[in-house]
Amino acid sequence: MHQYISDFANYAGKEVTVKGWIANIRKSKTNLFFSFRDGTGFVQCVASLEALGDEMFEQAKNLTLESSVAFTGNVVQDERQEGGFEVQVSSMKIYHIADGFPLAQREKDLGVKYLEDNRHLWLRKKRQWAIMRVRNQIIMGIHEFFQNEDFVQMDAPLLTGSACEGTTDLFETEFFGQPAFLSQSGQLYAEAMAMAQGKVYTFGPTFRAEKSDTPRHLAEFWMIEPEMAFYENEDNMDLIERFVKHVIGRILNRCQQELKVLERDFSKLQMVVDKTFPRITHAEAVEILTGRQEVNGRNAIQIQEQDLEEAKQRIEECKKEISERETAIKAGMKKGARKFNEAKIIALRGEIENLEHKVRNIPQWIESAKNFQHGEDFGGSDETLLTRVFDAPVMVYNWPAKIKSFYMKEVDGNPDLVKGVDLLAPEGFGEVIGGSERETDINVLIRKIKEHELDQNDFEWYLDLRRYGSVPHSGFGLGLERLVRWICNLKHVRETIPLARRYGRITP
RNA sequence: GCCUUCAUAGCUCAGUUGGUUAGAGCAUCUGACUGUUAAUCAGAGGGUCACUGGUUCGAGCCCAGUUGAAGGCGCCA
């Protein structure tokens with residue numbers, strides 16, 4: 001039997017055997033310092049000539065990056081080490097010597113295309129390890145919340161015979177000679193189940209065939225869809241707020257180490273747990289977005305104008321620093337210092353490139369926000385601008401009916417609006433939850449199905465839910481990967497799922 | 001689908017108004033040194049400058065097309 005790094009607190013001063021892979025190596029004449037990983041964590045293993053003897057030390061010298069090995073040795077407390085321990089190796093067993101691991105460099109120094117091509121190996125890197133562990137805890141937190149609240153987990157079908165919501169592009173397949181589609185949502189089925197169980201939630205894969213190549217879109221992703229009988233939209237919003245706070249609270253409690261690896265700002269997440277989520281109508285959101293209404297003295301348009309100015313200034317600073325360093329290099333300096341300065345210059349050029357993207361994009365965003373009309377749907381940049389004036393996630397409700405799905409309940413006395421609610425995450429992460437109270441009136445529903453040019457025959461079973469004991473009910477859908485991206489503060493959803501399937505990417 | 005930017009060593013990138021034999025860091029290999037933690041030092045190998053065509057005495061650099069990538073928009077969760 002062997003031991004795991006995560007249990008080392010119980011083994012201080014004792015001998016253990018750990019089995020895993022070499023994550024990094026530093027060599028000296030009489031010592032080999034291995035950064036070692038076993039899946040549960042990372043620890044430094046020190047192989048000394050003194051402890052191993054000539055023969056085994058020679059063998060240990062052959063260990064390369066990502067070679068697999070079992071080390072036996074004492075667990076020693078050492079404050080200098082991450083995690084507080086190191087293993088002083090007394091013997092070892094080599095499983096396999098790896099040759100030329102393709103991701104030998106720091107993750108930061110590798111290109112995103114190259115990393116994605118090597119996703120099967122990229123997963124071994126520390127940052128990716130941390131993300132997958134946070135994802136796991138998010139999943140557990142989601143189940144924990146709903147199970148504690150007496151929800152029943154249900155599995156909705158993945159194959160459907162018709163394009164349910166009628167709005168999105170679906171992957172088409174074949175079902176015993178008939179056309180079939182991969183599910184884009186389990187919601188309608190969840191509604192049926194909610195009429196049987198009261199409170200239910202789905203947790204399953206979802207497929208969208210839109211050709212959306214953006215940092216927040218996947219073709220195959222995991223969605224959580226709770227559905228509650230006798231819930232109005234206000235109850236729905238209360239639930240969303242408690243739910244998100246619960247999951248993030250759990251991550252703050254359980255994933256300190258992982259968030260540290262990811263250099264995540266804890267205070268931003270703590271704020272989500274502590275603050276009340278603002279709730280604004282879509283009409284108010286438009287006023288804020290266009291800069292006509294301010295929130296706590298903050299103006300959405302002005303914030304962007306400031307960002308633009310700051311970016312421009314920073315570009316000038318970077319350029320100045322580059323020319324200063326170049327001049328200094330030309331004047332002559334020691335080799336070490338020259339290398340250092342050259343590395344700095346390359347980093348500054350990278351920063352300038354990112355800032356120049358920003359400088360090009362912000363004016364377009366401002367233009368789009370200023371000209372925003374009531375009744376429209378928000379674009380990605382609009383969501384970013386909107387959330388910048390708040391420091392907690394914001395819930396936008398009462399949406400224009402024409403941009404939302406047919407099943408959403410109309411606002412009393414105003415059929416142009418529906419009781420939808422979107423949760424927009426702060427820091428520019430945008431929509432992570434979309435939900436609504438569902439229409440209960442069969443006649444309204446039939447009218448809406450026609451208005452959306454859907455085939456009523458496909459929805460007869462759904463209409464039955466309104467024929468037999470129709471009740472007010474609500475629910476929402478959460479995109480798991482969008483939540484992981486937000487909590488981990490990632491640039492792109494490709495890092496939030498082990499093997500991403502998105503537009504232009506189906507391997508590895 | 002649209003816009004912007006880009007494509008140079010295994011990887012990340014420099015390469016000046018077009019001018020001899022295209023450079024650096026990391027990675028790999030050799031050696032030195034050191035309880036190291038982005039280790040350091042000395043050396044070596046590694047390139048059809050994305051592809052096709054054009055301009056020119058001369059193209060990594062200019063022009064056209066093709067392919068691919070990054071960021072943004074749209075569509076959407």
Side-chain angles (χ1 to χ4, degrees), chain A residues 23-35 42 44 46-48 64-65 76 78 80-82 86 88 99-118 165 167-169 184-185 187 206-219 221-225 322 326 329 335-336 338-347 349-350 353-365 367-368 377-384 403 405 422-425 429-435 476-483 485 491-493 503-504:
Chain A
N24 197 13
I25 307 168
R26 284 173 291 276
K27 292 180 180 178
S28 81
K29 195 167 191 177
T30 55
N31 286 305
L32 301 168
F33 300 96
F34 297 108
S35 172
F42 290 74
Q44 174 163 280
V46 186
S48 69
T64 52
L65 218 59
V76 176
D78 184 342
R80 291 169 296 183
Q81 301 305 324
E82 212 182 309
E86 74 172 17
Q88 293 183 344
D99 187 18
F101 185 63
L103 306 183
Q105 284 165 277
R106 284 181 306 158
E107 197 182 321
K108 280 177 185 170
D109 289 340
L110 292 162
V112 50
K113 168 75 158 55
Y114 185 78
L115 286 168
E116 218 174 348
D117 286 342
N118 290 285
E165 294 182 30
T167 51
T168 45
D169 296 321
Q184 56 156 336
S185 165
Q187 181 207 311
T206 307
F207 305 91
R208 301 281 166 91
E210 287 111 18
K211 294 177 177 175
S212 302
D213 185 10
T214 84
R216 58 185 190 283
H217 285 92
L218 291 168
F221 63 100
W222 289 72
M223 189 149 71
I224 294 91
E225 293 177 290
I322 286 173
E326 278 176 341
I329 289 171
K335 193 174 179 183
R338 183 169 60 83
K339 279 180 190 167
F340 176 81
N341 277 291
E342 282 169 354
K344 278 278 183 199
I345 287 169
I346 286 177
R349 282 194 179 119
E353 200 184 324
N354 285 334
L355 288 166
E356 280 175 343
H357 276 300
K358 218 172 162 183
V359 168
R360 274 195 295 271
N361 290 327
I362 289 177
Q364 293 172 25
W365 294 0
E367 214 39 42
S368 153
D377 200 359
F378 299 122
S381 65
D382 301 321
E383 288 176 357
T384 305
I403 58 169
S405 302
D422 281 7
L423 181 77
L424 306 181
F429 287 104
E431 183 178 351
V432 290
I433 283 176
F476 62 89
L478 165 78
L480 177 63
E481 286 74 19
R482 287 187 175 180
L483 182 62
R485 179 179 173 226
K491 278 187 169 176
H492 201 292
V493 285
Y503 183 57

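The sequence lines fix the lettering, A, B, ..., with proteins before strands; numbering per chain opens at 1. On a predicted model such as this, the values are computed, not experimentally measured, just so you know.
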Next on the checklist: On a heavy-atom basis, which atom in A:Ile433 and which in A:Phe476 lie closest, and how many Å separate them?
Outcome noted: CG2-CD1, 3.7 Å
Item to check | N/O donor-acceptor pair, side chain A:Glu86 with base B:rG35, under 3.5 angstrom | outcome: yes
Item to check | Atom-to-atom span, CG of A:Asp117 to P of B:rC11 - whole angstrom | outcome: 10 Å
Checklist entry - Looking at side-chain heavy atoms only, is the closest gap between A:Leu103 and A:Tyr114 below 4.5 Å? => result yes
Item to check | Gap in Å between the two P atoms, one belonging to B:rA7 and one to B:rU17, rounded | outcome: 16 Å
Checklist entry - How far does the C1' atom of B:rC63 sit from the matching atom of B:rA70, given to the nearest Å? => result 25 Å
Checklist entry - Would you say A:Thr64 and A:Asp99 make side-chain contact, with heavy atoms under 4.5 Å? => result no
Checklist entry - Has the side chain of A:Gln105 got a donor or acceptor atom sitting under 3.5 Å from an opposite partner on the base of B:rG10? => result yes
Checklist entry - P atom, B:rG54 versus B:rG60: distance in rounded Å? => result 15 Å
Next on the checklist: So A:Lys211, base contact, sugar-phosphate only, or nothing? Heavy-atom distance under 4.0 Å.
Outcome noted: base
Next on the checklist: Starting the side chain at C-beta, find the nucleotide from B:rG35, B:rA27, B:rC33 nearest to A:Lys29.
Outcome noted: B:rC33
Next on the checklist: Heavy atoms only, 4.0 Å cut-off, all strands: where does A:Gly434 land among base, sugar-phosphate and nothing?
Outcome noted: nothing
Checklist entry - B:rC73 P sits how many Å from A:Asp377 CG, rounded? => result 14 Å
Atom pairs, protein N/O to nucleotides 70-72 of chain B N/O, distance under 3.5 Å:
from, atom 1, to, atom 2, distance (Å)
B:rG71, OP1, A:Arg494, NH2, 3.3
B:rG72, O4', A:Asn361, ND2, 3.4
B:rG72, O2', A:Asn361, OD1, 3.3

Checklist entry - Just wondering, do A:Phe33 and A:Glu86 contact through their side chains at under 4.5 Å, heavy atoms? => result no
Checklist entry - A:Thr206 and A:Met223: which non-hydrogen atoms are nearest, and at how many Å? => result OG1-CB, 3.3 Å
Checklist entry - Can you check whether A:Arg26 has a side-chain N or O nearer than 4.0 Å to OP1 or OP2 of B:rU37? => result no
Checklist entry - Nearest heavy-atom pair of A:Ser368 and A:Asp382: which atoms, and what distance? => result OG-OD1, 3.1 Å
Checklist entry - Could you state the CD-C1' distance from A:Glu383 to B:rG74, rounded to the nearest angstrom? => result 13 Å
Next on the checklist: I'd like to know if A:Gln81 reaches the base of B:rU36 with its side chain, counting only an N/O donor and acceptor under 3.5 Å.
Outcome noted: yes
Next on the checklist: Rounding to an integer number of angstrom, what distance separates B:rC61 and B:rA50 when you compare their P atoms?
Outcome noted: 8 Å
Checklist entry - Using Watson-Crick and G-U wobble pairs whose two distances are both under 3.5 Å, how do you write the pairing of RNA chain B as dot-bracket, with | for links to another strand? => result (((((((..((((.....[...)))).(((((.......))))).....(((((..]....))))))))))))....
Item to check | Inter-nucleotide P distance (B:rG10, B:rC49), Å rounded | outcome: 12 Å
Next on the checklist: Taking the nucleotide of RNA chain B with the nearest heavy atom to each, does A:Lys27 or A:Pro102 sit closer to the 5' end?
Outcome noted: A:Pro102
Checklist outcome for this item: When rounded to whole Å, the CG to P distance for the pair A:Leu32 and B:rC33 reads 15 Å
Checklist entry - Tell me: CZ of A:Arg216 to P of B:rG74, nearest whole Å? => result 8 Å
Checklist entry - Expressed in whole Å, how much space separates the P atoms belonging to B:rA9 and B:rG23? => result 14 Å
Checklist entry - Rounding to the closest angstrom, what is the interatomic distance between B:rG65 and B:rG58 at atom P? => result 24 Å
Next on the checklist: Show the nearest heavy-atom pair for residues A:Arg360 and A:Gln364, with the distance to one decimal.
Outcome noted: O-NE2, 3.6 Å
Next on the checklist: At 4.0 Å (heavy atoms only), tell me whether A:Gln44 reaches a base, stays on the sugar-phosphate, or touches nothing.
Outcome noted: base
Checklist entry - Once you round it to whole Å, what is the distance between P of B:rC26 and CD1 of A:Ile25? => result 16 Å
Checklist entry - Under 4.0 angstrom, heavy atoms only, what part of the nucleic acid is A:Asp422 near: base, sugar-phosphate, or nothing? => result nothing
Checklist entry - When the nearest nucleotide of RNA chain B is assigned to A:Leu110 and to A:Glu431 on a heavy-atom basis, which residue is associated with the more 5' position? => result A:Leu110
Checklist entry - If every non-hydrogen atom of A:Val493 is compared with every non-hydrogen atom of A:Glu481, which pair is closest and at what distance? => result CG1-O, 3.9 Å
Next on the checklist: If I compare all heavy atoms of A:Leu65 with all of A:Ala23, which pair ends up nearest, and what's the gap?
Outcome noted: CD1-O, 3.4 Å
Checklist entry - Atom OH of A:Tyr114 to atom P of B:rC11: distance rounded to whole Å? => result 6 Å
Item to check | Partners passing ring-ring contact (aromatic ring centres under 6.0 Å, His included) against A:Phe34 (at least two apart in sequence or in another chain) | outcome: A:Phe71
Next on the checklist: Using whole Å, what does the distance between atom P of nucleotide B:rU5 and atom CG of A:Leu355 come to?
Outcome noted: 17 Å
Checklist entry - Are any of the side-chain heavy atoms of A:Gln184 and A:Glu210 separated by less than 4.5 Å? => result no
Checklist entry - What nucleic acid atoms does A:Phe221 come within less than 4.0 Å of, heavy atoms only: base, sugar-phosphate, or nothing? => result base
Checklist entry - Looking for any heavy atom pair under 4.0 Å, which part of the strands does A:Asp78 touch: base, sugar-phosphate only, or nothing? => result base
Next on the checklist: Under a 3.5 Å distance rule, please check whether A:Ser212 uses its side chain to pair with a backbone N or O of A:Thr214 as donor and acceptor.
Outcome noted: no
Checklist entry - What distance, rounded to whole Å, do you find between the two C1' atoms, one in B:rG31 and one in B:rG45? => result 15 Å
Next on the checklist: Just to be sure I understand the rule, does A:Leu65 reach a base, reach only the sugar-phosphate, or reach nothing, if contact means heavy atoms closer than 4.0 Å?
Outcome noted: nothing
